[in-house]
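Just below is one structure, and these are the notes that go with it.
Any value given below was found using the heavy atoms of this structure, including those in side chains, with hydrogens, waters and symmetry copies removed. Model, not experiment: these values are computed from the prediction. Position 1 is the first residue of the sequence; numbering continues from there.
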Amino acid sequence: MVEKHERTGRSGRHRVKPCLLLASAQNDAKEATRYYRRTGGNRLARRFVAKIRASLESIARQPAIGSLRYADPVGIPNVRFVALNKFPYLVFYLDRGQHIAVIRLLHGLRDLPTLLGDAAER
């Protein structure tokens with residue numbers, strides 16, 4: 001299953017690239033949102049989701065904004081990531097030309113090379 005996140009530019013005249021959340025990224029987001037809801041309540045969970053959306057909008061407008069730091073170590077050419085503002089999560093994605101494929105949303109303290117390596121094998 002893929003979730004689509006698309007916006008038009010501020011002027012409404014040009015389209016930014018849609019962000020498609022792969023099932024792994026959707027599952028990551030749901031799991032993290034449940035954690036924040038359970039430990040901090042609905043307000044914290046809504047803030048977390050808002051930060052995800054803001055990051056996706058930034059990526060959609062400027063796909064090259066993310067770092068390529070993990071591309072070589074995990075063997076996924078051109079995989080980029082951006083950090084969520086005020087949350088310890090990283091959004092990993094690939095620019096696929098017509099769209100952005102969001103492959104994972106991972107806590108920054110997890111074993112990122114291993115988790116991303118699993119994504120590369122799919």
Less than 4.0 Å between a side-chain N and a carboxylate O, is that true for Lys17 and Asp95? yes
CG/Asn27: more than 12 non-hydrogen atoms of other groups inside 6.0 Å: yes
Inter-residue atom distance Leu21.CG - Gln26.CD, 0.5 Å rounding: 6.0 Å
Quick one: closest heavy-atom pair of Val79 and Leu68, and the distance? O-CD2, 3.5 Å
Distance col, row Leu20:CG vs Ile100:CD1, nearest 0.5 angstrom, shows 9.0 Å
Would you give the length of the straight line joining atom CG of Leu115 to atom CZ of Phe92, rounded to the nearest 0.5 angstrom? 9.0 Å
Between atom OH of Tyr36 and atom CZ of Arg46, what is the distance when rounded to the nearest 0.5 Å? 16.0 Å
Closest non-hydrogen atom pair between Phe81 and Arg69, with its separation: CE2-CB, 3.8 Å
When you look at CG of Asp72, are more than 12 heavy atoms from neighbouring residues, nucleotides or ligands closer to it than 6.0 Å? no
On a heavy-atom basis, which atom in Phe48 and which in Ala29 lie closest, and how many Å separate them? CE2-O, 4.2 Å
Distance (rounded to the nearest 0.5 Å) between Arg110 CZ and Arg104 CZ: 7.0 Å
Asp28 and Leu106, any side-chain heavy atoms less than 4.5 Å apart: yes
If every non-hydrogen atom of Tyr70 is compared with every non-hydrogen atom of Val74, which pair is closest and at what distance? O-CG2, 2.9 Å
I would like to know whether Leu44 and Phe87 meet side-chain contact (heavy atoms from CB on, under 4.5 Å); could you show each step before the answer? CA-CA 10 Å; Leu44 181 61; Phe87 287 92; 3.9 Å; yes
Is any side-chain heavy atom of Leu84 closer than 4.5 Å to one of Ile52? yes
Looking only at heavy atoms, what is the nearest atom pair of Ile65 and Ser58, with distance? CG2-O, 4.5 Å
Atom of Leu56, atom of Cys19 and distance for their closest heavy-atom approach: O-SG, 3.5 Å
Supply the atom-to-atom distance Leu94 CG to Arg80 CZ, rounded to the nearest 0.5 angstrom. 10.0 Å
Joint cluster assignment, Val49 & Leu105, ILVMFWY side-chain distance < 4.5 Å: no
Are Val91 and Ile59 packed together at the side-chain level, in the sense that at least one heavy-atom pair is separated by less than 4.5 angstrom? yes
